[in-house]
Amino acid sequence: MQNKNNYCVIMAGGIGSRFWPISRTNKPKQFLDILNVGKTLLQQTFERFEYFCPPGNIYIVTGAQYEQLTKEQLPFIDEKQILLEPFRRNTAPCIAYAVAKIETLNPEANIIVTPSDHLILNEDVFRNVIQTGLNFTATHDALITIGLRPTRPETGYGYIQYEQGSGSDSGVYPVKTFTEKPNLDLAKIFLESGDFLWNSGIFIWNLKSINKALKKFAPDIYYNFADLATVYNSPNEKLAIQETYLKCKSISIDYAVMEKADNVFVVEGNFSWSDLGTWGSLFDYSVKDDRNNAINSQNVLSFDVQNTIVRIPSDKIAVIQGLEDFIVAEDAKYLLICKKSEEQRIRDFVTELEKKFGSEEV
């Protein structure tokens, strides 16, 4: 439930390249209604965390080029709630920036950090999990991550090994190891062991705890932003942040802090979740027809097509025949037809397009 000391930082700076061509640099997936529910992923994320935080306590960290998109999709928030990154520097600088700004407003802040592009089902269960974390960090020096029970040896997620025999009363468990994106062999071992969880990328901590951790493990990043305390929420903030980002290395909060800290805890999230990182993950959670196709438009006629995801503009008519296990995705300019099993090559396809036509065109 809402608490004036609860804050949320929504990280909305990614470009969603694995969802090309629907997600493009000029309008990435967090600004799209990729689930066909009438709201973009960013709008859904904002609404999700209003349950815990007053709307004025929710901050969006995004690229400077997405300022107008953010204002259009969240027109009711104050301009000071939109934190603009001049360059992409991964999650550690992003979080340090938001935390330093929040500190100038409320030193007692209890902070949720979340990506902007997750699919969350079982909202009531999700709320209980987040509230468990908030209750714990309000009174403990702890860095909490929300973990999900793995269902496959995924190499694109971080993994959390935790002490299952302790913390059962609170639902918060000490973390033994925190491993970011293992190779396939290691991911298989983690899955088979049964005592690892996926790192969802959702974190909870109080302001004092994350500041202490940043100061200890990433002091250069910490002081880059802490030293700007007098310019936050002033006309000088944008220029100061631009100069600061030039000095920041690109590093995730996982590598910078979570793998090193000894006060990391996990709450297992027993809700349905996807980071919607790939076409395959979107296919998994999409409504299917009787041939297991996920087709977004009534204007698609399919013949002998199965296990295929189709995303086309609403004003297009398509006839598709003979495809199995494919991705068919089109925007106003580009058409992608790709085997689902080879979707990891999409980034390579985009790179080749950029070489041929220029990055501005792609």
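FYI, the numbering just counts along the sequence from 1.
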For this session: Run the salt-bridge test on Lys339 and Glu343 with the 4.0 Å N-O cut-off and return the result as yes or no.
Result: no
Exercise. Using 4.0 Å as the upper bound for N to carboxylate O, is an ion pair formed by Glu330 and Arg311?
Worked result: no
Grouping I, L, V, M, F, W and Y whenever their side-chain heavy atoms are under 4.5 Å apart, do [X] and [Y] come out in a common cluster?
X	Y	value
Leu186	Phe196	yes
Tyr59	Trp205	yes
Ile320	Leu282	no
Leu353	Ile337	no
Ile120	Val125	yes

Measure the shortest side-chain to side-chain distance between [X] and [Y] over non-hydrogen atoms and say whether it is less than 4.5 angstrom.
X	Y	result
Phe136	Asn206	no
Lys71	Ile82	yes
Glu50	Ile58	yes
Ile77	Ile60	yes
Ile204	Ile130	yes
Lys181	Thr155	no
Val264	Tyr162	no
Pro86	Ile241	yes

Would you say the side-chain atoms of [X] pair up with the backbone N or O of [Y], donor to acceptor, closer than 3.5 Å?
X	Y	value
Asn293	Asp289	no
Tyr159	Glu154	yes
Ser302	Val305	no

Problem set entry | Residues Thr40, Asp33; criterion side chain to side chain donor-acceptor pair (under 3.5 Å); working and verdict | CA-CA 4 Å; Thr40 68; Asp33 178 14; over 6 Å; no
[X] versus [Y], closest heavy-atom pair with distance:
X	Y	result
Thr308	Leu323	OG1-O, 3.8 Å
Leu336	Pro21	CB-CD, 3.7 Å
Gly63	Leu84	O-CD2, 3.9 Å
Tyr66	Ala12	CD1-O, 4.4 Å
Ser274	Tyr285	CB-CE1, 3.3 Å

For [X], I'd like to know if atom [atom1] has over 12 heavy atoms of other residues, nucleotides or ligands within 6.0 Å.
X	atom1	value
Lys340	NZ	yes
Glu79	CD	no
Lys27	NZ	no

As an exercise, state the distance from [atom1] of [X] to [atom2] of [Y], rounded to the nearest 0.5 Å.
X	Y	atom1	atom2	answer
Arg345	Cys338	CZ	SG	7.5 Å
Ile10	Leu41	CD1	CG	11.5 Å
Asn307	Asp325	CG	CG	4.5 Å
Gln81	Cys8	CD	SG	11.0 Å
Trp198	Leu148	CH2	CG	7.5 Å
Asn36	Ser286	CG	OG	8.0 Å

Exercise. Strictly by modelled atom types, are Asp141 and Ser209 linked by a side-chain donor-acceptor pair under 3.5 Å?
Worked result: yes
For this session: Go through Phe265 and Tyr173 one step at a time and tell me if the ring-ring contact (aromatic ring centres under 6.0 Å, His included) criterion holds.
Result: CA-CA 5 Å; Phe265 294 79; Tyr173 300 87; 9.6 Å; no
Problem set entry | Residues Thr62, Glu67; criterion side-chain contact (heavy atoms from CB on, under 4.5 Å); working and verdict | CA-CA 7 Å; Thr62 190; Glu67 179 177 14; 6.0 Å; no
Problem set entry | Candidate pair Thr278 and Arg18, rule side chain to side chain donor-acceptor pair (under 3.5 Å), full reasoning | CA-CA 6 Å; Thr278 63; Arg18 289 180 292 178; 6.0 Å; no
Exercise. For Phe49 and Phe126, what are the C-alpha separation, side-chain angles and deciding distance, and is it a ring-ring contact (aromatic ring centres under 6.0 Å, His included)?
Worked result: CA-CA 11 Å; Phe49 289 95; Phe126 174 79; 5.7 Å; yes
Problem set entry | Of Val328, Asn292, Asp284, Ile327, the residue whose pairing with Ile309 passes side-chain contact (heavy atoms from CB on, under 4.5 Å) | Ile327
For this session: Dump the intermediate steps for side chain to side chain donor-acceptor pair (under 3.5 Å) on Asn135 and Gln131, then the final yes or no.
Result: CA-CA 6 Å; Asn135 291 345; Gln131 193 62 58; 2.9 Å; yes
Problem set entry | Aromatic plane relationship, Phe76 with Phe46 - under 30° parallel, 30 to 60° tilted, over 60° perpendicular | perpendicular
For this session: List in chain and number order the residues that pass salt bridge (charged side-chain N to carboxylate O under 4.0 Å, His left out) with Lys355, two or more places apart in sequence or in another chain; answer none if no residue qualifies.
Result: Glu352
Exercise. Between Gln44 and Val37, does a side-chain contact (heavy atoms from CB on, under 4.5 Å) hold up when you go through it step by step?
Worked result: CA-CA 10 Å; Gln44 292 180 72; Val37 295; 3.5 Å; yes
Do any side-chain atoms of residues 87-97 form donor-acceptor pairs under 3.5 angstrom with protein atoms, and if so which ones, sequence neighbours left out?
| residue | atom | partner | partner atom | Å |
| --- | --- | --- | --- | --- |
| Arg89 | NE | Tyr245 | O | 3.3 |
| Arg89 | NE | Cys248 | O | 3.0 |
| Thr91 | OG1 | Ile253 | N | 2.8 |
| Tyr97 | OH | Glu237 | OE2 | 2.6 |

Problem set entry | Proximity of Tyr334 and Phe349 rings by center, below 6.0 Å | no
Problem set entry | side chain to side chain donor-acceptor pair (under 3.5 Å) between Glu103 and Asn211, worked out | CA-CA 9 Å; Glu103 184 175 20; Asn211 270 343; 3.2 Å; yes
For this session: Carefully, step by step, assess Glu85 and Val61 under the rule side-chain contact (heavy atoms from CB on, under 4.5 Å).
Result: CA-CA 7 Å; Glu85 296 185 288; Val61 188; 3.7 Å; yes
For this session: Name all pairs fulfilling the side chain to side chain donor-acceptor pair (under 3.5 Å) condition that reach into residues 106-119, sequence neighbours left out, sorted by first residue then second.
Result: Asn5-Asn106, Lys29-Asp117, Glu108-Lys208, Asn110-Thr137, His118-Trp273
Problem set entry | Candidate pair Glu243 and Lys247, rule side-chain contact (heavy atoms from CB on, under 4.5 Å), full reasoning | CA-CA 7 Å; Glu243 293 172 349; Lys247 297 184 289 184; 5.7 Å; no
Exercise. Centre of Phe225's six-membered ring, under 6.0 Å away, within 45 degrees of the axis: is that where NZ or CZ of Lys101 sits?
Worked result: no
